[in-house]
Amino acid sequence: MLKRTPLFAAHQKAGAKLIDFGGWEMPVQYTSITDEHLAVRNGAGLFDISHMGEVTVCGAGAAAFLNSILTNDIRKLESGQGQYTLMCNERGGIIDDLYIYRLSADVYLLIINASRIEDDVAWLQSQAAKFSSGELNLTDASHHYAAIALQGPRVKEFINECIPGASASVCKINLVTDLKKNQIAGFHFDSHNLLVSRTGYTGEDGFEILGPDSDIQHLWDKLLAVGQPFGLKPAGLGARDTLRTEVCYPLYGHELDENTTPVEAGVGFFVSLDKGDFNGRAVLADQKANGVKKKLVAFKMTDKCAPPRPHYPIWVNGAKVGVVTSGTQSPSLNVGIGMGYVPPEFAKPGTKIEIEIRGKRFAAMVVPKPIYKVQKI
């Protein structure tokens, strides 16, 4: 039996095409992937992300514990701030990538991938059991929250009407749109509190909103009504994937896994070697100093062909050298694009490669990341 989010009925009512996504029955599209993708790039899109996991870590030892298992340095965070980070095993392989927010002095909120909730929680609990440097409480709060993501350049024009007034908790601001990038605050909505952060997975400006099921259901309907004149449309997993591929954001199970390190995946910026020891540090320090054996690259097709897809082989000079991890037809650029792993000598932008599509090889070129540059207004 597939799990369903609190917005399942809303998706049915909107005529969504529903699919199995990691054990969840989720909307892949409502009208078309291209239509929803371009709505996000030009106006606004609304995503159900209630399948994502939430873990709270609190207590006097919370900061020390988290800094021992995450790659980024949470000492940089003041209350109300968040950061992208990764959780690695001792080999430097990625257990998950996630967002962490500091809600108060000793309280942290982790937003983890839907497909990794059980594995992440079990691993966190095993690490917490070995931790002895201060009080620590770890809670899987995934069932306490529903969540939506509101993304696009016009979102800031109407979100204050839907969630009006000043913040009520975490940090003090006068309006939702006063949030800075990676900041989070609590706002009153109906009779409860919503947590609103200014982050996203599309490259566009936007907000992610967590709260009780009933409030998120009400807010979903309100946003769609108020946002319609600004081009707001509900968007499914299909558009979420094309949007993040255009801006080269990695996805767990595609670019990231337990046999791939952050340095190989091109997210070494989020590894703080100077904060002291943490899981996988020795391996990551060695890779930063001495290089890696594979690198994640972005590419564009230069031949006319069907879109590239995950697992398609990458060829150079008649030899198979790598594999596509994500591939699609870019709705913004109207060309086949993707990401994949190749040896470092083939990772330089401008390198000519070939992608094997349905048994035939088609020309492509390694390009700088991101493939699509978001227009800043």
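What you see below is based on every heavy atom in this structure, not just the backbone, and it leaves out hydrogens, waters and symmetry mates. Keep in mind the model is a prediction, meaning the values are calculated, not measured.
- F187 and I216 end up in the same hydrophobic cluster when Ile, Leu, Val, Met, Phe, Trp and Tyr side chains are linked at under 4.5 Å.
- Salt bridge absent: E78 and R102 never bring a charged side-chain N and a carboxylate O closer than 4.0 Å.
- In this structure a side-chain-to-backbone donor-acceptor pair under 3.5 Å is missing from D190 to H192.
- K233 and E36 are not joined by a salt bridge, as no carboxylate oxygen comes within less than 4.0 angstrom of a charged side-chain nitrogen.
- The shortest side-chain heavy-atom distance between T325 and H311 does not fall under the 4.5 Å cut-off.
- F362 has its side chain out of reach of K304: every pair of non-hydrogen atoms, C-beta onward, lies at least 4.5 Å apart.
- A salt bridge is defined here as a Lys NZ or Arg NE, NH1 or NH2 lying under 4.0 Å from an Asp or Glu carboxylate O, and R41 with E246 meets this definition.
- Using a 4.5 Å heavy-atom cutoff, the side chains of I148 and L223 are in contact.
- Under the 4.5 Å side-chain criterion, counting only non-hydrogen atoms from C-beta, I100 is in contact with Q83.
- No salt bridge links D303 with R361; every basic N to acidic carboxylate O contact stays at or beyond 4.0 Å.
- With a 4.5 Å cut-off on side-chain heavy atoms, I111 and L98 do not count as touching.
- Taking the six-membered ring where the residue is Trp, W24 and H51 present perpendicular rings, their angle passing 60° and hence far from 30°.
- A donor-acceptor distance shorter than 3.5 angstrom exists from the side chain of T245 to the backbone of D241, with no hydrogens or angles considered.
- Applying the 6.0 Å contact sphere to NZ of K360 captures no more than 12 heavy atoms from other residues, nucleotides or ligands.
- No path of Ile, Leu, Val, Met, Phe, Trp and Tyr side chains, each step under 4.5 Å between heavy atoms, connects F270 with L273, placing them in separate hydrophobic clusters.
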Going through the checks in order, is the side chain to side chain donor-acceptor pair (under 3.5 Å) test met by D97 and Y84?
CA-CA 8 Å; D97 67 327; Y84 177 79; 2.8 Å; yes

